[in-house]
Enquirer: 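Sharing a structure with you now.
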Amino acid sequence: MIGVIGGGLAGLAASCVLAARGYGVTLFERNPWLGGKAALLEEAGFRFDMGPTILTVPGVLKRIFAEAGRELDRHLELVRLDPQWRSFFDGGDTLDLVESTETMAGALEGRRPGAGSGYRDFIAYATRLHAISERFFFWRPVGGITDAIGIKDMLRPAMLSDLKALRLGRTVAGTIRGYVPDRNAAQMLDHFTQYVGSAPDASPAVLCSIASMQVHEGVWYPIGGTRAVPLALTRLAEDLGVVFRTGTGIARVVVERGRVAGVETDGGERVALDAVVSNMDAVRTHDELVGGEAAARFRKRRAYEPACSGVVLYLGLKRGYDHILHHNFVFSRDPHEEFEFIYRKGEPAPDPTCYVCAPALTEKAVAPPGGEALYVLVHTPYLRPHHDWQMMLPRYRRAIIDKLKRTAGMTDLEERIAVERTLTPQDIHRRYNVLNGAIYGIASHGAVNGAFKPSNRSPDLPGLYLAGGAAHPGPGMPMVMMSGWIAADALDRDRRAAA
């Protein structure tokens, strides 16, 4: 019997893959719902996705369903969004990100001569990085560069070219500006790193590959919201015989003779298991559930920094806005100031970038007729000891609302609000059992090591496997689901090798 700790997207993905390959699986979830951050808020006829709202790389989901011989299209209805998002800048400038590289290049060329060819070259470079990632990084347990690139790989003649393309030591921000000098366009492209909750001027150039993934696989909206994704995975897991134990927290991982032997629940029940996949934050898994020498080795290997947190405003509007798209970014006046505050000073940015999702433009059922279930996310630092968001929220809410009025043209926003709810970093920390309120697990900072998260196969404790945003390959809906697949595949390979 295999145990899965945590019923987020990664835990559900791992459960489906393991069950499809013939294992008995029990999934333990502390909360009464499954899906982790992909939860739902419903009030007064409005329906809000509480966590992720952008779905990219649907091929990951297709691969998980294919494990059970199922076609994703029969279980989930996806709508392709193009333009992918609209960008608003101080001073009244707007810019739409469209899927077609040629159309986008034409739009940028009209803004600044030469910018179009620069964008084409950037997407070509990002596509090269994505191909390298597919060969060495994705769909396998990786914890560092030696896991990604083995001795045999180093002997290949093409390896030197691949290493050169990675631009080790270069950052995302520096790389983008080498291709696209237009200030606002570069700020828009920088924001791909916000999928992983990290600063573009501190993240490795390889993360530019995110741009290629989005251009070539698109941006999608699941009918029913992103909440429909964990619901579809839950139904698949149920069909495959996975046992769900919601409302059951795990107090510790039981270790005997140097390997995983089971878990102990918060209620004191001991459950014997052959192996465990933890969808809990990787750092907290070791500190709170494992402990001992294994946790000490994990901590000694590398100091992991939490990714950023965030404030979310859920605004049920009596009337929607015609000038926005399904996805929108309302950018800060100065990205350097913004990232300095969030990632280095550890304080909320005075003029933040706001991500705004308006799903009623695609699915009217999320709001009463004519209304909108507006979702506004602003990134903040991960929790510091002096942060008290009960005290900080009113002032920061004011800063967010003022930003939307000033830069996104939502001048009468407050008059349109019928329902308002919030989520703060402290709420995120308590609700989802993450590290210091981090939405995206572990930060991707460091020009070389920033691309690497803890391996899905624990090198410190046999029988322990890691999945989720704080494990390889990192955060974001497709990546966390891929992490669940990788953890399950590594476990399966180890069990077969030992048989």
Side-chain angles (χ1 to χ4, degrees), residues 2-40 47 49-79 138-139 217 220-248 276-280 363 432-433 441 456 465-471 473-492:
I2 309 300
V4 176
I5 301 173
L9 291 169
L12 288 170
S15 298
C16 289
V17 173
L18 288 167
R21 296 190 185 186
Y23 293 93
V25 179
T26 299
L27 185 152
F28 303 89
E29 169 55 55
R30 183 186 63 175
N31 290 310
W33 73 89
L34 296 169
K37 299 184 191 75
L40 197 66
R47 189 187 77 213
D49 280 314
M50 293 192 70
T53 59
I54 299 178
L55 176 62
T56 60
V57 200
V60 175
L61 261 175
K62 291 178 181 178
R63 186 162 180 170
I64 292 167
F65 275 79
E67 288 277 351
R70 313 288 179 90
E71 294 181 5
L72 176 65
D73 294 346
R74 294 179 177 272
H75 300 269
L76 198 63
E77 181 181 355
L78 299 177
V79 177
F138 292 155
W139 305 107
E217 289 210 47
W220 301 81
Y221 175 77
I223 294 300
T226 50
R227 177 65 184 160
V229 175
L231 291 180
L233 288 170
T234 299
R235 288 191 293 269
L236 176 61
E238 288 173 336
D239 289 348
L240 295 171
V242 173
V243 176
F244 296 117
R245 294 189 56 178
T246 55
T248 304
V276 164
V277 176
S278 178
N279 184 195
M280 183 177 167
E363 185 181 9
Y432 301 119
N433 217 28
N456 313 90
Y465 300 82
L466 303 172
M477 287 188 75
M479 295 300 104
V480 298
M481 289 186 286
M482 186 188 293
S483 79
W485 186 97
I486 297 170
D489 183 67
L491 188 160
D492 180 38

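Excluded from the calculations below are hydrogen atoms, water molecules and symmetry mates; all remaining heavy atoms, backbone and side chain alike, are included.
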Enquirer: What residue among L72, L61, I223 forms side-chain contact (heavy atoms from CB on, under 4.5 Å) with L78?
Expert: L72

Enquirer: How far apart are the closest heavy atoms of V57 and P478, and which atoms are they?
Expert: CB-CB, 3.7 Å

Enquirer: What closest approach, in Å, do G7 and N279 show between heavy atoms, and which atom pair accounts for it?
Expert: C-OD1, 4.1 Å

Enquirer: Hey, mind stepping through L34 and L27 against side-chain contact (heavy atoms from CB on, under 4.5 Å) and telling me if it holds?
Expert: CA-CA 10 Å; L34 296 169; L27 185 152; 3.7 Å; yes

Enquirer: Once ring-ring contact (aromatic ring centres under 6.0 Å, His included) is applied, what residue pairs with a partner in residues 50-73 remain, sequence neighbours excluded?
Expert: F65-H75

Enquirer: Please assess D239 against R70 for the test side-chain contact (heavy atoms from CB on, under 4.5 Å), listing each intermediate value before the final yes or no.
Expert: CA-CA 11 Å; D239 289 348; R70 313 288 179 90; 3.5 Å; yes

Enquirer: Within a strict 4.5 Å, meaning less than it, do heavy atoms of the M481 and V229 side chains meet?
Expert: yes

Enquirer: So E217 and T56, do their side chains get closer than 4.5 Å, heavy atoms only?
Expert: no

Enquirer: May I ask you to test the T234-F244 pair for a side-chain heavy-atom distance under 4.5 Å?
Expert: yes

Enquirer: Got a sec, which residues hit salt bridge (Lys or Arg N to Asp or Glu O under 4.0 Å) with D73, two or more places apart in sequence or on another chain?
Expert: none

Enquirer: Nearest heavy-atom pair of T226 and I54: which atoms, and what distance?
Expert: CG2-N, 4.4 Å

Enquirer: Locate the shortest heavy-atom distance separating M482 from P473; write the atom from each residue and the value.
Expert: SD-CG, 3.9 Å

Enquirer: Which pair of heavy atoms, one from R227 and one from D49, lies closest together, and at what distance?
Expert: N-OD1, 3.1 Å

Enquirer: In Å and rounded to the nearest 0.5 Å, what is the CH2 to OG distance from W139 to S483?
Expert: 10.0 Å

Enquirer: Could you measure the distance from the CG atom of L40 to the CG atom of L231? Nearest 0.5 Å is fine.
Expert: 8.0 Å

Enquirer: For a quick test of reading the model, state the closest non-hydrogen atom pair linking G469 to V480 and the distance between them.
Expert: N-CG1, 3.5 Å

Enquirer: Would you mind writing out the side-chain donor-acceptor pairs for residues 12-21 within the sub-3.5 Å range, not counting sequence neighbours?
Expert:
from, atom 1, to, atom 2, distance (Å)
S15, OG, G11, O, 2.8
R21, NE, E67, OE1, 3.1
R21, NH1, D489, OD1, 2.8
R21, NH1, D492, OD2, 2.9
R21, NH2, E67, OE2, 2.9
R21, NH2, D489, OD1, 3.2

Enquirer: Just wondering, do T246 and P32 contact through their side chains at under 4.5 Å, heavy atoms?
Expert: no

